[in-house]
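Read through the structure below, which is laid out as structure tokens, and then see the notes.
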Amino acid sequence: MRLTRSLVPTIKEIPSEAQIASHRLMLRAGLVRQTSAGIYAWLPAGYRVLQNIARIVREEQDASGAQEVLMPTLQSADLWRQSGRYDGYGAEMLRVKDRHERDLLYGPTNEEMITDLLRQSIKSYRELPQNLYHIQWKFRDEVRPRFGVMRGREFLMKDAYSFDLDQAGAVIAYRKMMLAYMRTFRRLGVQAIPMAADTGPIGGELSHEFIILAPTGESQVYYDAAFETIDTSPAAFSFDSESDLERFATLMTTPYAATDEKHDEAAWAKVANKREGRGIEVGHIFYFGTRYSDPMGLRVAGPDGSQVIPHMGSYGIGVSRLVGALIEASHDDAGIIWNDAVAPWKAAILNLKMGDGTCNAICEDIYAKLAGNALYDDRDDRAGVKFNDADLMGHPWQIIVGPRGAAKGMVELKRRATGERVELSVEDALAKISG
RNA sequence: CGGAGCGUAGCGCAGCCUGGUAGCGCAUCAGUCUGGGGGACUGAGGGUCGUGGGUUCGAAUCCCGCCGCUCCGACCA
């Protein structure tokens with residue numbers, strides 16, 4: 001995109017309503033604007049990041065064998081009455097009435113709806129297992145929204161739901177998701193640690209939250225550095241091998257890892273390589289057996305003809321929350337430092353002298369060759385403005401085109417994460433960016 | 001849900017206490033100079049002072065209601 005033709009409203013001042021780094025930077029870099037408390041509009045740059053994260057999440061869900069669907073945001077209250085959660089959920093659930101005075105709700109999660117879909121559709125154990133997910137907007141009417149998109153009321157979430165014939169099958173599904181999650185977070189450029197968690201209002205028996213470290217995290221976390229060296233690649237573990245999954249689950253649940261509520265000083269004292277800091281929850285997985293399938297009447301015929309109640313799990317990743325969390329985990333005084341995989345654009349082209357024939361020609365050439373992966377700063381502004389905005393927006397690469405180098409056919413390539421700058425030919429710079 | 005604040009130009013704020021012509025910085029627009037880390041000068045545009053009512057000759061300013069937003073706590077993906 002050309003910056004002069006784009007809605008990327010960067011701001012110099014620190015917005016007064018934002019307290020934490022990610023929120024300030026998301027506003028300053030023109031990623032989002034708040035439309036009401038805890039509700040945000042995603043501007044072009046922010047939406048590209050959101051889509052990049054969603055794409056990676058989707059690819060890893062698909063690789064694990066989960067199937068993508070899309071369920072509605074509005075749900076009938078009747079479904080929630082069947083599971084018993086309509087009255088239990090509390091004021092966090094946004095309840096609405098339609099013109100016929102029927103009770104609806106804006107979904108905070110989809111266990112009821114997916115269970116309803118499955119009970120309509122499957123009749124036999126032969127149709128299990130199933131794992132379905134969607135990436136969709138949720139609404140939770142938080143008492144006190146804050147921290148920008150990290151605790152918004154409307155948020156984008158990937159939620160998956162597994163259905164298995166029995167607990168043993170459900171545990172395999174759970175382990176597959178745990179593996180998919182580790183790969184997802186690795187690709188997003190962050191170290192996530194699975195920590196045993198309480199199951200909360202979803203109910204159930206087995207649950208882990210995935211926490212990434214960031215100085216402004218909501219809770220104190222403790223874990224064994226052993227997590228950092230576990231190879232989760234397809235070469236190490238296959239989704240198709242139960243023994244691989246078991247070995248993986250053991251590796252993920254054996255080293256010490258705990259949030260402050262579950263912290264055990266005695267066990268912690270025995271850990272050789274300690275890691276400690278503030279953590280942000282970016283994912284949560286649950287196994288809850290027949291908590292929904294039973295009351296909602298999901299039954300399949302088992303191998304012996306008897307009626308079997310499938311075992312379920314649900315698995316969430318906070319996609320919009322991750323945008324803030326990734327920034328919390330990766331920024332400096334100048335601005336955001338995007339990981340290559342999620343950056344809105346791979347590179348920014350900084351034309352330091354708009355109107356100069358040589359500079360313009362080089363920039364246009366690079367812009368065409370980067371085909372949509374670059375933001376071209378074609379504003380008639382001074383160099384300092386462009387440097388500062390590029391640092392603020394956090395593009396992994398900056399291609400700096402100024403009259404000095406341009407005369408020799410050279411450009412400067414700056415790596416945002418390290419600050420390293422090298423003078424290269426256009427060809428070499430492009431090769432380095434794509435390589 | 002308890003407690004505390006704040007709503008004045010796109011953003012950040014002053015003015016309010018002590019009522020009397022709506023201000024500052026940045027941003028925006030025009031022009032000139034400038035040109036490698038948020039440049040300078042000249043000029044210009046932009047406001048029903050959140051909203052409704054009350055007091056008053058007169059309200060951004062005082063009083064009451066409402067709405068919105070933020071912070072602390074409890075809660076929470």
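Residue numbering restarts at 1 for every chain, and letters A, B, ... go by the order of the sequence lines. Everything numeric here is computed off the predicted structure, so don't read it as measured data. Reckoned from all heavy atoms, side chains included, excluding hydrogens, waters and symmetry mates.
- A distance-only check finds no donor-acceptor pair linking the side chain of A/Arg321 to the backbone of A/Val282 [under 3.5 Å].
- With a cut-off of 3.5 Å on both pairing distances, the Watson-Crick or G-U wobble partner of B/C69 is B/G5.
- The CZ atom of A/Arg404 sits 6 Å away from the P atom of B/G36 (whole-angstrom rounding).
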(message) If you apply the rule side-chain contact (heavy atoms from CB on, under 4.5 Å), what do you find for A/Tyr161 with A/Thr109, and how did you get there?
(response) CA-CA 11 Å; A/Tyr161 304 91; A/Thr109 178; 3.5 Å; yes

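- Both A/Lys353 and A/Ile14 lie close to RNA chain B; mapped to their nearest nucleotides by heavy-atom distance, the more 5′-ward contact belongs to A/Ile14.
- Comparing B/G35, B/G38, B/U70 by their nearest atom to the side chain of A/Val385 picks out B/G38.
- A distance of about 32 Å separates the P atoms of B/G54 and B/U70, rounded to the whole Å.
- Under the Watson-Crick or G-U wobble criterion, with both distances below 3.5 Å, B/C57 is paired with B/G20.
- Each of B/U34, B/A27, B/G73 was ranked by its minimum atom distance to the side chain of A/Arg146; first place goes to B/G73.
- Taking atom CG of residue A/Asp377 and atom P of nucleotide B/G37, one finds them 15 Å apart after rounding to whole Å.
- Base pairing of B/C76: no nucleotide in any strand meets the Watson-Crick or G-U wobble criterion (both distances under 3.5 Å).
- Counting any heavy atom pair closer than 4.0 Å across all strands shown, A/Glu218 reaches no nucleic acid atom.
- Regarding A/Asp391, its CG atom lies at a distance of 17 Å from the P atom of B/G36, rounded to whole Å.
- Counting non-hydrogen atoms under 4.0 angstrom, A/Leu352 reaches a base of the nucleic acid.
- The partner of B/G45 is absent, by the rule that a Watson-Crick or G-U pair needs both atom distances under 3.5 Å.
- When both pairing distances are held under 3.5 Å, B/C33 makes a Watson-Crick or G-U pair with B/G39.
- Between B/C29 and B/G73, the distance separating the two C1' atoms is 47 Å to the nearest Å.
- A donor-acceptor pair is defined here as one N or O able to donate and one able to accept, closer than 3.5 Å; no such pair exists between the side chain of A/Thr10 and the backbone of A/Ala29.
- As a whole-Å value, the separation of A/Glu423 CD from B/G36 P is 15 Å.
- Checking A/Leu105, A/Val96, A/Leu94 one by one against A/Leu74, the side-chain contact (heavy atoms from CB on, under 4.5 Å) holds for a single residue, A/Val96.
- Nucleotide B/A27: unpaired (no Watson-Crick or G-U wobble partner with both distances less than 3.5 Å).
- Out of B/G36, B/A77, B/C76, the shortest distance to the side chain of A/Glu281 is found at B/A77.
- Of all nucleotides listed (B/A77, B/G37, B/G73), B/G73 comes nearest to the side chain of A/Arg144.
- Contact between the side-chain N/O atoms of A/Gln19 and the OP1/OP2 oxygens of B/C72 is not found at any separation under 4.0 Å.
- The side chain of A/Glu17 lies closest to B/G12, out of B/A77, B/G36, B/G12.
- Rounded to whole Å, the separation between the P atoms of B/C17 and B/A59 comes to 14 Å.
- A/Arg28 comes within contact range of at least one nucleobase, with a heavy-atom separation under 4.0 Å.
- If you check every strand for non-hydrogen atoms under 4.0 Å, A/Asp380 touches a base.
- Of the listed nucleotides (B/G39, B/C69, B/C76), B/C76 has the atom at the smallest distance from the side chain of A/Glu92.
- Taking atom P in both B/C67 and B/A44, the straight-line distance is 43 Å, to the nearest Å.
- Per the geometry, CZ belonging to A/Arg379 stands 15 Å off C1' belonging to B/G35, to the nearest Å.
- For the C1' atom pair drawn from B/C11 and B/G46, the interatomic distance equals 14 Å after rounding to whole Å.
- Going from atom OH of A/Tyr315 over to atom P of B/A77 covers 18 Å, rounded to whole Å.
- Screening A/Gln75, A/Gln82, A/Arg85 for a side-chain hydrogen bond (donor to acceptor under 3.5 Å, both in side chains) involving A/Glu112 leaves a single residue, A/Arg85.
- Ring planes of A/Tyr174 and A/His208: tilted class, angle from 30 to 60°.
- We find that CE of A/Met157 is positioned 7 Å from C1' of B/A77, with the value rounded to whole Å.
- Counting any heavy atom pair closer than 4.0 Å across all strands shown, A/Arg421 reaches a base atom.
- Mapping A/Phe155 and A/Thr10 onto RNA chain B by nearest heavy atom places A/Thr10 closer to the 5' end of the strand.
- For the P atoms, the distance from B/C6 to B/U48 is 22 Å, rounded to whole Å.
- Aromatic stacking of A/Phe387 on B/G36: not satisfied for centres closer than 5.5 Å together with planes under 30 degrees.
- What separates CZ of A/Arg140 from P of B/C76 is a distance of 12 Å, to the nearest Å.
- When heavy atoms are screened at a 4.0 angstrom cut-off, A/Gly318 is found touching no nucleic acid atom at all.
- The side chain of A/Arg151 has B/C76 as its nearest neighbour among B/G37, B/C76, B/G36.
- Comparing B/G39, B/G38, B/G36 against the side chain of A/Asn388 picks out B/G38 as the nearest.
- Taking only side-chain nitrogens and oxygens, A/Ser16 comes nearer than 4.0 Å to OP1 or OP2 of B/C13.
- Atom C1' of B/G23 sits at a distance of 12 Å from the matching atom of B/A60, rounded to the whole Å.
- Rounded to whole Å, the separation between the P atoms of B/G19 and B/C13 comes to 27 Å.
- Cation-pi geometry between A/Arg416 and A/Trp397 is not met at under 6.0 angstrom from the ring centre and within 45 degrees of the axis.
- Closest to the A/Lys414 side chain, of the nucleotides B/C1, B/C26, B/G37, is B/G37.
- Between the side chains of A/Tyr181 and A/Lys158, at least one donor N or O lies within less than 3.5 Å of an accepting N or O.
- At a cut-off of 3.5 angstrom, the base of B/G38 holds no donor-acceptor pair with the side chain of A/Asp381.
- With hydrogens and angles ignored, the 3.5 Å screen pairs no side-chain donor or acceptor of A/Tyr376 with any backbone N or O of A/Thr4.
- Counting any heavy atom pair closer than 4.0 Å across all strands shown, A/Gly355 reaches no nucleic acid atom.
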